[in-house]
Amino acid sequence: MEEQFTVRQDKLKKLVELGVTPYPYRFADAQRFAAIIAAHRDRGADDLKQADIAVRCAGRILSIRSMGKSVFMHLFDGEEKLQVYIRKDIVSEKDFAVNNLLDIGDIIGVQGTVFKTHTGELSVLVKELTFLAKSFHPLPEKWHGLQDKELRFRQRYLDLIVNSETKDIFRKRSRIVQSVRRFFHDRGYIEVETPMMHPIPGGASARPFVTHHNALDIDLYLRVAPELYLKRLLVGGMEKVFEINRNFRNEGIDLMHNPEFTMIEFYELYRDFNDYMDLSERLLLDLAAEMLIDNTITWQDFKIPLKPPFQRLKYMDAIAGKSGLSVEQLWNEAEVKEHIRARFPEEPLPPTYGKMLELLFDLYVEKTLVEPTFVTYYPKAISPLSKWSRFDERETERFELYIAGMEIANGFSELNDPLEQRRRFEEQTRDRERGDDEAQLIDNGFLTALEHGMAPAAGEGIGIDRLVMLLTGASTIKEVILFPSLRPKE
RNA sequence: GGCCCCUUAGCUCAAUUGGCAGAGCAAUUGACUCUUAAUCAAUAGGUUGAUGGUUCGAUUCCAUCAGGGGUCACCA
């Protein structure tokens, strides 16, 4: 422990005595291991010997097998492993002395020629060795990798060095985000950035984090959603916009939730929620084609084929189907209250009618929505930013997409009647007074924007972390966030 | 936040009803010019998460605390 640290510091001193620069500035033109392997993997040993191909590459030492006057090491360039072979009769005396002071975990650069060992492994015969960095700490064990979840998350760099599955997940995450971006750019959307700090937290029902701005001497809230700012852009005539960024919600941490999480929200003028269900389906199928085998999500115990068209199910029908209540009974607050009291006496009675419906939905429906399903026509009471349904004033043109019992997307025809929007906010204020502390606050700046006239529009948000979970099979949200929220230690 | 489980060497894991805390890898020293879980010989490494308690004796039993995992609640 302490001993390994001091031993390795001594080795660095000895390297300096040999004339090595302990922290050099650059090692340019290093080839990626993957490229070297791909270029020469299929060539025979004799062929390679004759070709005498020079390569230059760098990586972290993962293993050392020394036979005294010759040494094999595996290097890792963050992506692939490559074996290098150092012989006393080939490298300079100094380089061989440097080699003898190397530890697993150190980073070196090498120049040499490509060859194949007797067992056929493509390797680099080192001619020149460049010391690049010392590791004072030992790497986790090579057989089992790093198992301890806490260490994996707190010291993610170790996880990335030792566990290749971790690296795969984040490479896939990058590809997914890239594909999503391309999807919207290809359709003429422009990417925007709106404030992360809001004077009034809005756009979603959630508790915010509070911070303070000293110069203005005001409290600000980390945003729970960018929605109200993106819709201001719609008023400004930005016809198609999207933003991929973090939202912050002051809620619990579990398999599906991290206090900061990544959302894409996108909006388009002259569209409604039907258009956006179609668009969501297209996006999911494009991603599936790129990321999945047979368009099938493998997650937990589920195998879920993504087959269009996705099922569409009205919110109230969904609850009615599972609860035994009729849709008309569900529209009656007294009946709903009675049902909850009778069937779920242990549940605290929600403070508002909307919350009661949400409770029933969560208890009866959510986990059953394994196949991709658009739940549609959410009640007005729980959808303060959605436009009322053209068929039933009690409902809104809102949908949520569920896959594997997880909420993945939430979209709607945007409410663009400023007077109705103000009434909805006022209703939220009444909910808040009844004890719903997640009810939304009145954002007068947003209302003023709507009063200038907003064309009909559709909008939607998709949780990127959950999407990545589904597409990579990751079991928890912590596996798809590089540095998930943990209690700080020490 | 409630409940349940976990915490032993740098890492991965052992330890009989409560009876001297062990192994592999990593490390140190030595041998070895095609090894790849390299091999061989030797060595070192521990306040068993922390603090109290019970006991002749605690990794083991009890209490409190800390961190983590799982679950429930809130939420996406």
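Protein chains get the first letters and strands the later ones, always in sequence-line order, with residue 1 at the start of each. Treat the numbers as computed from the prediction; the structure is a model and nothing was measured.
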- Among residues 219-228 of chain A, which residues get a heavy atom nearer than 4.0 Å to RNA chain B?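 By residue number: none to list.
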- Please work out which residues in residues 245-253 of chain A have a non-hydrogen atom less than 4.0 Å from an atom of RNA chain B and list them by number.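 Residues of residues 245-253 of chain A under 4.0 Å from RNA chain B: Arg249(A), Glu251(A), Gly252(A).
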- Message: If you apply the rule side-chain contact (heavy atoms from CB on, under 4.5 Å), what do you find for His74(A) with Arg65(A), and how did you get there?
- Response: CA-CA 9 Å; His74(A) 269 110; Arg65(A) 292 171 296 283; 3.2 Å; yes
- Message: Tell me whether the rings of Phe115(A) and Tyr85(A) are parallel (<30°), tilted (30 to 60°) or perpendicular (>60°).
- Response: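 Rings of Phe115(A) and Tyr85(A): tilted, as their planes differ by 30° to 60°.
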[X], nearest nucleotide to its side chain (from [options]):
{"X": "Asp103(A)", "options": "rU33(B), rG69(B), rU28(B)", "answer": "rU28(B)"}
{"X": "Arg154(A)", "options": "rG69(B), rG70(B), rG67(B)", "answer": "rG67(B)"}
{"X": "Leu151(A)", "options": "rU33(B), rA76(B), rC11(B)", "answer": "rC11(B)"}
{"X": "Gln83(A)", "options": "rU35(B), rG69(B), rG10(B)", "answer": "rU35(B)"}

Could you state the [atom1]-[atom2] distance from [X] to [N], rounded to the nearest angstrom?
{"X": "Lys367(A)", "N": "rA76(B)", "atom1": "NZ", "atom2": "C1'", "result": "11 Å"}
{"X": "Gln300(A)", "N": "rU71(B)", "atom1": "CD", "atom2": "C1'", "result": "14 Å"}
{"X": "Leu146(A)", "N": "rG68(B)", "atom1": "CG", "atom2": "P", "result": "16 Å"}
{"X": "Gln440(A)", "N": "rA76(B)", "atom1": "CD", "atom2": "C1'", "result": "14 Å"}
{"X": "Asp148(A)", "N": "rU12(B)", "atom1": "CG", "atom2": "C1'", "result": "10 Å"}
{"X": "Trp143(A)", "N": "rG10(B)", "atom1": "CH2", "atom2": "P", "result": "19 Å"}
{"X": "Arg487(A)", "N": "rG67(B)", "atom1": "CZ", "atom2": "P", "result": "5 Å"}
{"X": "Ile90(A)", "N": "rU33(B)", "atom1": "CD1", "atom2": "P", "result": "14 Å"}

- Task: Using the C1' atom on both, measure rA38(B) against rA26(B) and round to a whole Å.
- Result: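 Result for the C1' pair: 15 Å, nearest Å.
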So, is [X] near the phosphate of [N], with a side-chain N or O under 4.0 Å from OP1 or OP2?
{"X": "Arg87(A)", "N": "rU33(B)", "answer": "no"}
{"X": "Arg65(A)", "N": "rA38(B)", "answer": "yes"}
{"X": "Lys142(A)", "N": "rA26(B)", "answer": "yes"}
{"X": "Arg8(A)", "N": "rG10(B)", "answer": "no"}
{"X": "Lys478(A)", "N": "rG68(B)", "answer": "no"}

- Message: Walk me through whether Lys13(A) and Asp10(A) qualify under salt bridge (charged side-chain N to carboxylate O under 4.0 Å, His left out).
- Response: CA-CA 5 Å; Lys13(A) 274 188 204 134; Asp10(A) 287 345; 3.8 Å; yes
- Query: With centres under 5.5 Å and planes under 30°, do Phe72(A) and rA38(B) count as stacked?
  - Reply: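 One would not call Phe72(A) stacked on the rA38(B) base.
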- Query: Does His144(A) lie flat on the base of rU12(B), that is, centres under 5.5 Å apart and planes under 30° off?
  - Reply: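 Not stacked by the 5.5 Å and 30° rule.
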- NZ or CZ of Arg60(A) within 45° of Phe76(A) ring axis and under 6.0 Å: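 Verdict for Phe76(A): no cation-pi partner in Arg60(A).
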- Message: Among Phe412(A), Tyr378(A), Tyr402(A), exactly one meets ring pair (Phe, Tyr, Trp, His ring centres under 6.0 Å) together with Tyr315(A). Which residue is that?
- Response: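 So, applying the ring pair (Phe, Tyr, Trp, His ring centres under 6.0 Å) to Tyr315(A) and each of Phe412(A), Tyr378(A), Tyr402(A), only Tyr378(A) qualifies.
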- Task: By nearest nucleotide on RNA chain B, pick out whichever of Lys69(A) and Phe153(A) is the more 5' one.
- Result: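 The answer here is Lys69(A).
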- Message: Set out, in order, the CA-CA distance, both residues' side-chain angles and the distance that settles side-chain contact (heavy atoms from CB on, under 4.5 Å) for Leu357(A) and Met316(A), then state yes or no.
- Response: CA-CA 9 Å; Leu357(A) 289 178; Met316(A) 295 299 249; 4.1 Å; yes
Quick one: closest heavy-atom pair of [X] and [Y], and the distance?
{"X": "Ile108(A)", "Y": "Leu132(A)", "answer": "C-CD1, 3.5 Å"}
{"X": "Phe374(A)", "Y": "Phe399(A)", "answer": "CD2-CD1, 3.6 Å"}
{"X": "Ser383(A)", "Y": "Arg424(A)", "answer": "O-NH1, 3.0 Å"}

- Return each pair, listed once, that meets salt bridge (charged side-chain N to carboxylate O under 4.0 Å, His left out) where at least one residue sits in residues 470-485 of chain A; pairs must be two or more places apart or across chains.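 Output for this query lists Arg152(A)-Glu479(A).
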- Can you find a donor-acceptor N/O pair under 3.5 angstrom joining the side chain of Glu121(A) to the base of rU35(B)?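 There is none.
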- Item | rC74(B) base / Asp254(A) side chain donor-acceptor hit below 3.5 Å |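 Present.
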- Message: Hydrogens and angles aside, do Thr262(A) and Arg173(A) bring a side-chain donor and acceptor to less than 3.5 Å of each other?
- Response: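 On atom types as modelled, these side chains qualify, holding a pair under 3.5 Å.
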